[in-house]
Amino acid sequence: MSVLPRRILKETQRLMQEPVPGISAKPDEGNARYFHVKVTGPEDSPFEGGLFKLELFLPEDYPMSAPKVRFITKIYHPNIDRLGRICLDILKDKWSPALQIRTVLLSIQALLSAPNPDDPLANDVAELWKVNEIEAIRNAKEWTRMYATEN
Amino acid sequence: MGAFHCKSCQNGDNVSNIFSQDVGERRRFIFGRRRSRSGSVRQTDSLVLQTLSIIKNLGLIENGTEAPEALQKLHWVADDGDGWIQVVLSMIHVIPLDDPLSPALITVILDDCPLPDKDTVMKLSQMLDLSNKTPKRKTVDQHRNICVILGILADKLPGPLSIALLTKDTLTYLFNNMDLQVHPSIILFSLIALEKFAQIRENRFTIETFMKTGPLAMLSIFERLTGSDQPFYAQVGFCAEWLLDNIFVDDQRTLSYLNISMDGVNAILNQEDASEYLKLGPSGLEARCDACSFESVRCTFQINKGTWYYEVTILTSGVMQIGWSTRNSKFVNHEGYGIGDDEYSVAYDGCRQLVWHGARCTSCVSGRPWREGDTVGCLLQVEKPSPTATFYLNGQIVAFNDKIFQYAKTEFFAAASFMTFQQSRFNFGSKPFKYPPKGVKFSIMNDHGQLDEKEKKILPKQMRLGLLGLLGKQTADEDSCTICFDHKADVMLYPCKHEGYCENCAQQLTLCPVCRQLIDRFQEIIPTTASTIVLVS
């Protein structure tokens, strides 16, 4: 494996020195392009109280292409599917090399605060979110309690 | 504050309603401050002084807590260019020289206020009238404040603005201050301003060219003041030496770490265990902070048991936290956490007369605020029956704390943290103590410590970073490509005209990373001046 690009070094360094509140991202000991991420569920969202694990991988041509991010913890969210894949424009066609690991994780945190059932990835979840938001939120809370809480 | 929601109301009457408090009839009309605005000028003056007294009483404003009302009002005033200038002029006029927190106050206010645009900066520069041939019109306080403000702006403003602010007048002004006839605090803050300006490569070149005409010799004279018994001159000496060792390095001059004798010195401040912006003198026994953060350092010597004592000569009387810490204590310099701000450390702050432990403070049992030149004594008794950390000011007990021993029993280090523009000199026992505690048997770190030759060498920071391979990272920040950080950012994208990228990265882009506009071409930016200069760092 080649030397880690300075861009990645710098981002890692800054993530360690000035962590984003509610988000932790640590590089894997064996692979500096692979990050273990934990995001706390935002306050006043159905995910409040939960701690969500994600994995983030920086592909070879990062930052020219977007990081690959996936939820490991199960989550009931219209824009996140069963496999943890995330529907977020900046991870796809709206990626820009001006964005960073930090901004990506912030966007994901924001997505938890503001689910967008009109641009769904998990169709059944999105459907329920549109027709019966109260029940969907109840499900999301239940999943948070079941899968994203330590005890 | 009901009237506050209406940001656009510029009507004089409304403004005076908002700022109801007044500091009395002070009318100043220098710097072209017009009579018609004197009302609101006075109110701004008053807000600056209010902020100072709030900071004094509350301590520096912590992250996350709401800013005091006076500071919020200043922010509001500084929202447009003229208002910002007004805030800056008020600071220059009313901030007293003798208050130990005043340079920190300027930092806090400028940090909180919106950043000015180029026109505003240029306008301020004109209003300061730095070319003024009769500087007597301004007081020592005002000159000192101007220098502090120039330094902070040079540090904070984006590169091109910092370059714009370093006009010929600014440069001449700073160099004219380098005169032993001038008050040492003016010399000091002129030196710091030069250092901050020189962070930008282009500025450094301008300054170096200018310096060869004479002021460089002055730096060498100031440098000899290092170690002076007079606190202000000691600071001037330290800063001049720092500039010569790190910024304006001259091949003809021997770096000071090579000149200094470290014989008999076995315990010093640990350069490997200091936060990033702390400045250590070549002796390893003097430290200073000129960054807008709370910088910390631990001693090289580890204490496991027994009773130990060391002394610190305070060269500035602002906020420092001096005491003891274990390795578990973290230096979170940007957030303002240092020694005394967690469970694993305890510190005395003689400026606010507090003892800090676990980020909580208790008042000192006696004494007065510390003054420049005072000696702080720190005694640590690890042993039972009653482990205690005791603090002395000029031999008088001012405070003690035993709570730290609930969290740590062993592996202590002498340690200290420094707020902006603070400096101290440490004695771990290589010299006789001034006020050894009476009736206490203690050990001396210098007698028990061991340092190898390498550990004793406090290399200039730039050189050390260079050896660690970190220099590229440090200097690349201001002009490196924001995508790869590997190469210099030297191209501009068209048609959007965004910059900050190197040719290599630009080639791989189809859309602008910032505005997502389609790129039809890019072109190398040719620096406006000094395009062929390569500087040795």
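Every value quoted in this text rests on a predicted model; they were computed, and no experiment measured them. Each chain gets a letter, A, B and so on, in the order its sequence line appears, and its residues count up from 1.
Across A/Arg7 and B/Thr482, no two heavy atoms sit closer than the pair NH1-O, 3.4 Å. When every heavy atom of B/Arg516 is checked against every heavy atom of A/Ile90, the shortest pair comes out as NH2-CG2, 4.4 Å.
Heavy atoms from other residues, nucleotides or ligands lying under 6.0 Å from CG of A/Leu83 number more than 12. The local environment of NZ in A/Lys94 is sparse, with at most 12 non-hydrogen atoms from other residues, nucleotides or ligands closer than 6.0 Å. In A/Arg70, the CZ atom is crowded: over 12 heavy atoms of neighbouring residues, nucleotides or ligands sit closer than 6.0 Å. Other residues, nucleotides and ligands contribute only 12 or fewer heavy atoms inside 6.0 Å of the NZ atom of A/Lys141.
For the side-chain contact (heavy atoms from CB on, under 4.5 Å) test with B/Ile483, the passing option among A/Ser96, A/Pro97, A/Pro5 is A/Pro97; the others fail.
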